[in-house]
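Here's the structure, in structure tokens; my notes come after.
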Amino acid sequence: MIDSVSKAIFHSIAGSRRLKSLASRYGMRQPRSFARRFIAGETVEDAIAAAREVEALGMTQTLDYLGESVASMAEADRATRACLGIIESIAAAGIGRNLSLKLTQLGLTVDRATSVDNLRRVLDAATKHDFFVRVDMEHSGLTAVTLDIIETMWQQGYRNAGVVLQSYLKRSPADAQRMNQLGVRVRLCKGAYKEPRSVAYQARADIDAAFVALMKILLTDGGYPAIATHDPAMIKATLAFAESSGVPADRWEFQMLYGIRRDLQSALVGAGYRVRIYIPFGREWFPYFMRRLGERPANVGFVLRSLVRER
Ligand code: FDA
């Protein structure tokens, strides 16, 4: 209950332009500013530096150029060209080649056909440089269209694109079966948006039970699934299932967010498991940051303490 109320509050704040501009002024100002706990910085150089640190610790990474829900095709084109530039920069830097993005960043909610063209531009550049591109999953109004676009890309021969499924959505088991059938790589997470009960489980126990069931479907039949969670119970269930069903540790990976549960990240690496860190960067960090606060309201105390320290 508290989970869903705090999610709702932070989601409405995420849409506030005034708070966004206020936060943008303070959040990244100094290396210890509050947003830097979850976001590598505003530039691709900041992200590459963070990626190097992550790789030095024995983990892999995916860079996420922040941005979503653009309001015009001009903005979508700018975001697409930025992704193309980022692919070049990552390739030149010699770090792992893996990018995460959102379809609304490429214009999905403005003009679907052009956003698909934009995705194709990114995937072509990704193919040329041997990248993997993960299309993040947004709110439930976009689930069907996102999966549709990924399936179209797959049918057109793009094998370097993967998708995300959220365990809170009641439809996800069927989607997992479909993605497994095609061979599309899936990242499994619990889901970060405020969703209605008609489509999504609300109780933590139901979301967790669905997560475990989906993890089993993906580990059994999926093509290199990613189990994205910081929840020790989900991690324990995954390790137990992988071991009992003989799924080798190089056939799947854990994924975690930059700045969250670093202790757990290194413990898993130390135990010989693959861990990929999702590293967000860019100027459009406010909605991402608000989702992280909504997941754990205790983070608000951390933000307030940082602000007081800065003043
Ligand atoms: P849970 O929320 O139960 O948290 C377990 C523990 O993790 C907490 O007790 C706490 O210790 C720690 N923790 C979790 N969130 C924290 C936070 N914000 N701050 C501090 N500590 C925190 N969602 C989505 O809808 N679409 C997507 O495409 C993605 N992509 C994605 C990629 C990756 C790599 C990850 C790890 C997650 C996502 N998510 C996502 C987010 C996901 O849906 C979910 O909201 C968060 O991962 C939190 O859920 P957990 O599974 O960590 O469990």
Side-chain angles (χ1 to χ4, degrees), residues 2-4 6-7 10-11 14 34-39 54 59-64 66-68 98-105 132-143 146-147 150 161-169 172 175 185-195 199-212 214-215 225-238 252-265 267-268 274-280 285 287-303:
I2 290 174
D3 280 2
S4 79
S6 70
K7 257 190 183 179
F10 285 102
H11 276 263
F34 60 84
R36 291 221 180 225
R37 169 163 173 204
F38 300 116
I39 293 136
V54 160
M59 299 179 279
T60 55
Q61 42 73 27
T62 178
L63 293 196
D64 168 49
L66 290 163
E68 55 198 85
N98 198 303
L99 189 69
S100 291
L101 54 79
K102 291 184 171 52
L103 288 184
T104 62
Q105 183 177 25
F132 181 76
V133 176
R134 179 79 60 176
V135 175
D136 287 349
M137 190 56 82
E138 302 178 68
H139 66 79
S140 62
L142 298 171
T143 308
T146 301
L147 293 172
I150 288 292
V163 77
V164 179
L165 295 179
Q166 299 146 322
S167 74
Y168 63 19
L169 289 190
S172 287
D175 293 333
R185 281 199 213 175
V186 173
R187 170 200 293 154
L188 173 65
C189 65
K190 290 189 185 180
Y193 297 80
K194 169 79 187 127
E195 298 290 357
V199 299
Y201 300 115
Q202 308 290 317
R204 189 187 169 93
D206 294 337
I207 298 169
D208 288 358
F211 191 100
V212 172
L214 285 160
M215 172 274 287
I227 308 301
T229 182
H230 319 87
D231 183 344
M234 300 299 103
I235 290 170
K236 199 171 157 200
T238 305
W252 57 280
E253 66 185 26
F254 282 119
Q255 293 191 356
M256 295 193 199
L257 301 177
Y258 181 76
I260 297 184
R261 295 297 312 257
R262 289 196 165 112
D263 55 333
L264 208 48
Q265 299 170 8
L268 287 167
R274 293 183 172 190
V275 180
R276 185 178 302 277
I277 304 301
Y278 180 103
I279 303 178
W285 52 265
Y288 174 88
F289 182 67
M290 281 296 132
R291 281 196 292 277
R292 301 295 75 85
L293 293 193
E295 279 158 2
R296 196 157 177 266
N299 287 336
V300 175
F302 157 78
V303 171

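We count ligands from 1, going down the list as the structure has it; atoms in each ligand are counted the same way.
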Any N/O pair [X]/ligand 1 closer than 3.5 Å:
| X | value |
| --- | --- |
| A192 | yes |
| R292 | yes |
| Q255 | no |

Query - Rounded distance (nearest 0.5 Å) linking atom CG of D208 with atom OG1 of T229 - result: 8.0 Å
**Report entry** ligand 1 contact by M234, heavy-atom criterion under 4.0 angstrom
**Finding:** no
Requested in this report: For R204 and ligand 1, answer yes if some heavy atom of the residue is under 4.0 Å from a ligand atom, otherwise no.
Outcome: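 Heavy atoms of R204 do come under 4.0 Å of ligand 1.
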Can you tell me which portion of [X] lies within the under-4.0 Å heavy-atom range of ligand 1? Options are side chain, backbone, both, or neither.
| X | result |
| --- | --- |
| I260 | side chain |
| M256 | backbone |
| R276 | neither |
| R291 | neither |
| V164 | side chain |

Would you verify whether the NZ or CZ of [X] falls within 45 degrees of the ring axis of [Y] while also being under 6.0 Å from that six-membered ring's centre?
| X | Y | value |
| --- | --- | --- |
| R204 | Y201 | no |
| R276 | F254 | no |
| R134 | F132 | no |

Considering only protein heavy atoms, which is closest to [atom], and at what distance to one decimal place?
| atom | answer |
| --- | --- |
| atom 23 (N) of ligand 1 | C189 SG, 3.5 Å |
| atom 9 (O) of ligand 1 | R296 NE, 4.8 Å |
| atom 44 (C) of ligand 1 | E295 OE2, 3.5 Å |
| atom 27 (C) of ligand 1 | M137 O, 3.6 Å |
| atom 43 (O) of ligand 1 | G191 N, 2.7 Å |

Requested in this report: Give the numbers and elements of all ligand 1 atoms closer than 4.0 Å to a heavy atom of Q166.
Outcome: 24 (C), 25 (O), 26 (N)
